[in-house]
Undergrad: 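Please read through the structure below; I'll follow up with questions.
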Amino acid sequence: MNAPVRRFDVEAARAEFPILTREVHGKPLIYLDSGASAQKPRAVIAAMSRVMEGSYANVHRGLHTLANETTDAYEQARESVRRFINAPSVNEVVFTKSTTESINLVASSYGLGLKAGDEIVVSQMEHHANIVPWHFLRERYGIVLRFVPVRDDGSLDMDAYRALLGPKTKMVALTHMSNVLGTINPVKEIIEAAHAAGAPVLLDGAQGVVHQTVDVQALDVDFYAFSGHKLYGPTGIGVLYGKAERLAALPPYQGGGEMIGIVTEDRITYADPPHRFEAGTPAIIEAIGLGAAIDWLETLDRKAIAAHEAALYQRVRRGLEGANWLTEIGQAPGKGAIFSFAVAGAHAHDIAQILDRYGVAVRAGTHCAEPLMRRFGLTSSARASFALYNTLDEADSFVEALIKAQGFFA
Ligand SMILES: Cc1ncc(COP(=O)(O)O)c(C=O)c1O
């Protein structure tokens with residue numbers, strides 16, 4: 001930890017995000033799309049500028065001062081990630097482009113060792129990033145995908161999950177927190193059951209890592225994937241945590257510079273993890289930005305942030321209580337601050353566009369979760385997703401704007 005934890009104060013936190021002072025259509029911006037991508041604090045912007053202005057060079061080729069300084073900063077970012085998720089070693093932290101790339105890496109490398117009839121357990125609430133890479137294995141090798149159903153309240157059907165596990169299960173790949181429902185899955189229980197059946201677990205932590213404290217050792221998870229840009233860091237950088245023995249057993253994903261041991265005309269050997277999985281010039285500046293985001297987040301009281309986000313969600317729910325034109329999807333106990341909804345007689349895109357006129361940014365569509373939309377009989381929904389910088393006043397303004405938007409369709 002770089003600095004002592006500060007008392008959480010939403011106004012003080014907001015002041016660290018330059019973009020939040022801007023207006024949209026003459027109204028103060030109310031940014032409720034952090035589930036898609038979060039805004040960036042000054043600490044991140046400054047860290048990225050600092051490296052570009054002061055010490056930028058390519059990494060791991062260090063024969064000169066700038067290369068050494070940048071390499072140190074890049075590897076320091078890896079250490080920040082390690083500390084943040086309590087990984088035993090920096091060698092278990094692979095930098096990727098995103099959650100999507102992290103999952104593709106595991107699916108394609110691990111998939112090489114699978115055979116027709118082997119099963120991968122996913123769920124109906126997965127983002128496409130945690131479905132499509134496994135579908136590739138179905139198409140290419142005849143792997144069978146088994147989907148854990150979602151209950152009406154948006155929780156995972158744990159009985160059905162347990163029933164799906166068996167000797168053919170070769171991987172359980174589930175989301176930590178749903179980007180649509182806000183459901184926070186009982187990941188410890190999920191992992192224990194999978195391990196009892198002899199299957200490793202990959203958690204999609206794109207949302208989970210933002211709102212939960214993640215301890216990969218306490219969870220005993222095999223792989224954990226997340227993105228920098230949802231965690232107040234930059235785009236273009238993601239993380240794959242993998243247990244040392246799991247990463248050691250994976251063949252490389254991409255070939256190129258930095259990931260090899262030796263290369264001759266008829267032979268190659270590979271570097272050890274994590275470098276085995278980081279072919280070519282990595283996202284240097286972005287990794288440093290992610291490290292800065294994590295260092296910054298660790299100065300805040302994350303329990304207080306979680307309580308604040310829960311209060312925002314409850315405020316919206318109370319504000320819309322009794323609205324018979326509204327259907328909320330996802331009401332699982334203990335869910336995170338994501339409010340997904342459909343308005344009777346209105347397309348979600350139209351609702352989002354009207355809200356934008358009031359300065360309110362929400363997402364609308366399938367949220368890259370078509371099986372889940374189908375499960376709830378919807379073609380699309382709108383979603384307000386909250387972050388640490390949102391205020392109760394903003395929650396009220398969103399409710400007010402939504403009621404007005406609905407008025408256009410009544
Ligand atoms: C649960 C979940 N998984 C995966 C992803 C994909 O993340 P990325 O686009 O950063 O790879 C997202 C993004 O919305 C997500 O919410």
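When a ligand or atom number is given, it counts from 1 through the structure's own listing order.
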Undergrad: Is any side-chain heavy atom of Val201 less than 4.5 Å from a side-chain heavy atom of Phe223?
TA: no

Undergrad: Is the His308-Phe386 ring centre distance short of 6.0 angstrom?
TA: no

Undergrad: Drop me the distance from Thr183's OG1 to Gln331's CD, to the nearest 0.5 angstrom.
TA: 10.0 Å

Undergrad: Can you list the steps and then say if Thr391 with Glu11 is a side-chain contact (heavy atoms from CB on, under 4.5 Å)?
TA: CA-CA 8 Å; Thr391 65; Glu11 289 303 334; 3.7 Å; yes

Undergrad: Is there a polar contact between ligand 1 and His229, counting only N or O atoms under 3.5 Å apart?
TA: yes

Undergrad: Nearest protein heavy atom to atom 3 (N) of ligand 1, by residue and atom, and its distance?
TA: Asp204 OD2, 2.5 Å

Undergrad: Which of the atoms of ligand 1 are close to Ala206, meaning less than 4.0 Å from one of its heavy atoms?
TA: 2 (C), 3 (N), 4 (C), 5 (C), 12 (C), 15 (C)

Undergrad: If you count the atoms of ligand 1 from 1 in the order shown, which ones are under 4.0 Å from a heavy atom of Ser227?
TA: 7 (O), 8 (P), 10 (O), 11 (O)

Undergrad: Run the numbers on Asp295 and Arg83 for side-chain contact (heavy atoms from CB on, under 4.5 Å), then give the verdict.
TA: CA-CA 10 Å; Asp295 294 348; Arg83 191 183 64 229; 2.9 Å; yes

Undergrad: Which protein non-hydrogen atom lies closest to atom 14 (O) of ligand 1, naming both residue and atom, and how far is it?
TA: Lys230 NZ, 2.5 Å

Undergrad: Distance to 0.1 Å, residue and atom name: give those for the protein heavy atom nearest to atom 12 (C) of ligand 1.
TA: His127 CD2, 3.3 Å

Undergrad: Measuring from atom 16 (O) of ligand 1, which candidate in Met125, Glu126, Gln207 has the nearest non-hydrogen atom?
TA: Gln207

Undergrad: Specify the protein heavy atom at minimum distance from atom 9 (O) of ligand 1: its residue, its atom name, and the distance to 0.1 Å.
TA: Thr100 OG1, 3.7 Å

Undergrad: Can you sort out which atoms of ligand 1 are near Thr99, meaning under 4.0 Å from one of its heavy atoms?
TA: 4 (C), 7 (O), 11 (O)

Undergrad: Is it the case that over 12 heavy atoms from other parts of the model lie below 6.0 angstrom from the CZ atom of Arg276?
TA: yes

Undergrad: Anything under 30° is parallel, anything over 60° is perpendicular, the rest tilted; go ahead and classify Phe17 against Trp296.
TA: perpendicular

